Asker: 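Structure provided below as structure tokens; questions to follow.
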Amino acid sequence: MIQEIKNRIVLFNSRVGKYREISFEAEAIADEITQLQHYFQVPIPSDLASLYTHLGGLTPYNREMFAISIDTPKYLLESISHKNKWYRCNSLGLIDYIKFCWANDRSELEEDNYLNSQQLHSLNNNYKCFGLYRTDWGNEEADYLYFDRNGNFGTVRYHQDSISALLDDYLIPLTHKSLANETLDVMLLRIINQVEEAILAEGGWAAK
């Protein structure tokens with residue numbers, strides 16, 4: 001599974017050009033994964049742990065558009081303990097992670113604006129995030145990568161100007177049951193295909 005993802009990313013890089021490439025990060029060490037397990041508070045799916053061990057994480061050349069990013073355990077651990085509240089990941093739960101990616105400045109995701117404390121707790125407690133991807137909306141939108149308590153994977157799309165879509169399509173349904181229905185490899189291969197197609201459709205970015 002990991003080798004298939006790695007091979008697909010190598011192929012992706014050969015097609016999209018150097019300014020859209022995805023890099024592999026340093027492989028995670030066992031102690032980092034053990035520490036990260038404490039903060040996830042649910043078992044890390046074995047395929048995600050394997051990705052951490054063999055690929056470390058994924059970093060896009062350009063983080064703003066057509067980007068796929070999987071945070072390394074080292075980065076997540078540093079973010080959790082960051083002294084600056086704007087750059088601290090308060091938890092790896094779905095809502096806290098989304099807020100973290102917006103420098104903890106999303107008032108619509110604060111308690112009692114659209115979601116009550118019970119809903120926020122459910123979303124943070126049952127769904128854990130570890131990365132995101134973007135297509136053509138730049139920093140205005142991202143799809144956040146998460147897994148549930150059963151080790152199934154899914155994505156949540158959030159555009160800064162569409163809280164209603166986030167609530168109706170993802171957050172409210174997720175408070176009732178998990179929408180995660182993919183394995184890690186199926187999800188990542190789908191995302192890589194989607195981002196590659198979007199880049200090539202834009203034109204001018206493909207490797208010559």
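A quick note: this is a predicted structure, and the numbers were derived from the prediction, not measured.
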Asker: State whether the side chain of N126 and the backbone N or O of S122 hold a donor-acceptor pair below 3.5 Å, judged by distance alone.
Answerer: yes
Asker: Y97 and Y146: aromatic ring centres closer than 6.0 Å?
Answerer: no
Asker: Locate the shortest heavy-atom distance separating L55 from E27; write the atom from each residue and the value.
Answerer: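 The pair with the smallest heavy-atom distance is N-CG, 4.4 Å.
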Asker: Within the structure provided, determine whether R63 and S69 are in side-chain contact (heavy-atom separation under 4.5 Å).
Answerer: yes
Asker: Is there a donor-acceptor contact under 3.5 Å from the side chain of R88 to the main chain of H82?
Answerer: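 Checking the backbone N and O of H82 against the side chain of R88, a donor-acceptor pair under 3.5 Å is found.
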Asker: Give the minimum heavy-atom separation between L92 and C89, together with the two atoms involved.
Answerer: CD2-SG, 3.9 Å
Asker: Measuring from atom CG of L184 to atom CG of L48, what distance do you get when rounded to the nearest 0.5 angstrom?
Answerer: 6.0 Å
Asker: Is there a donor-acceptor pair under 3.5 Å between the side chain of Y75 and the backbone N or O of G57?
Answerer: no
Asker: Report the residue from D71, L132, N139 that forms a side-chain contact (heavy atoms from CB on, under 4.5 Å) with C101.
Answerer: L132
Asker: Main chain of I22, side chain of N13: is a donor-acceptor contact present, judged purely on distance under 3.5 Å?
Answerer: yes
Asker: To the closest 0.5 Å, what do you measure between OH (Y158) and CG (L166)?
Answerer: 6.5 Å
Asker: Between Q160 (side chain only) and E141 (backbone N and O only), is there a donor and an acceptor less than 3.5 Å apart?
Answerer: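 No, because the side chain of Q160 does not come within donor-acceptor range (under 3.5 Å) of the backbone of E141.
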Asker: Kindly give the heavy-atom pair with the smallest separation between G154 and A180, and that separation in Å.
Answerer: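 So the minimum-distance heavy-atom pair works out to N-CB, 4.0 Å.
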Asker: What's the separation between atom CD in E111 and atom CG in N116, rounded to the nearest 0.5 Å?
Answerer: 7.5 Å
Asker: Distance check, rounded to the nearest 0.5 Å: I163 atom CD1 versus R106 atom CZ?
Answerer: 8.0 Å
Asker: Have D31 and Q35 got a donor and an acceptor in their side chains that come within less than 3.5 Å?
Answerer: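 There is such a pair between these side chains.
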Asker: When you measure from the side chain of D47 to the backbone of D185, do you find a donor-acceptor pair of N or O atoms at a distance under 3.5 Å?
Answerer: no
Asker: Do D96 side-chain atoms and N124 backbone N/O form a donor-acceptor pair below 3.5 Å?
Answerer: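 The answer is no, because no donor-acceptor pair under 3.5 Å joins these two groups.
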Asker: Both conditions, 6.0 Å and 45 degrees, for the charged tip of K18 above the ring of Y61: are they met here?
Answerer: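 Ring-cation test returns no.
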Asker: Looking at every non-hydrogen atom in both residues, tell me the closest pair between V42 and Q37 and how far apart they are.
Answerer: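 Looking at all heavy atoms of both residues, the shortest contact is O-NE2, 2.5 Å.
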Asker: Could you check whether T175 and Q119, counting side-chain N and O atoms only, form a donor-acceptor pair closer than 3.5 Å?
Answerer: no
Asker: Checking side-chain polar atoms at under 3.5 Å, does E32 have a donor or acceptor matched by the opposite partner on Y52?
Answerer: no
Asker: With heavy-atom distances below 4.5 Å as the criterion, would you say the side chains of Y39 and L77 are in contact?
Answerer: yes
Asker: Supply the atom-to-atom distance L174 CG to D148 CG, rounded to the nearest 0.5 angstrom.
Answerer: 9.0 Å
Asker: Would you mind checking if R20 and E196 are paired as a salt bridge, meaning a charged N to carboxylate O distance below 4.0 Å?
Answerer: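 No, no charged N to carboxylate O under 4.0 Å.
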Asker: Using 30° and 60° as the class limits, which term best fits the ring planes of F130 and F147: parallel, tilted or perpendicular?
Answerer: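 Answer is tilted, since the angle falls between 30° and 60°.
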Asker: side-chain hydrogen bond (donor to acceptor under 3.5 Å, both in side chains) for N193 and E197? Distances and angles first, verdict last.
Answerer: CA-CA 6 Å; N193 290 338; E197 289 171 5; 5.8 Å; no
Asker: Taking all non-hydrogen atoms of both residues, which atom of F24 and which atom of L58 are closest, and how far apart?
Answerer: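 Shortest heavy-atom contact: CD2-CD2, 3.6 Å.
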Asker: As an exercise, state the distance from CG of L120 to CG of L94, rounded to the nearest 0.5 Å.
Answerer: 10.0 Å
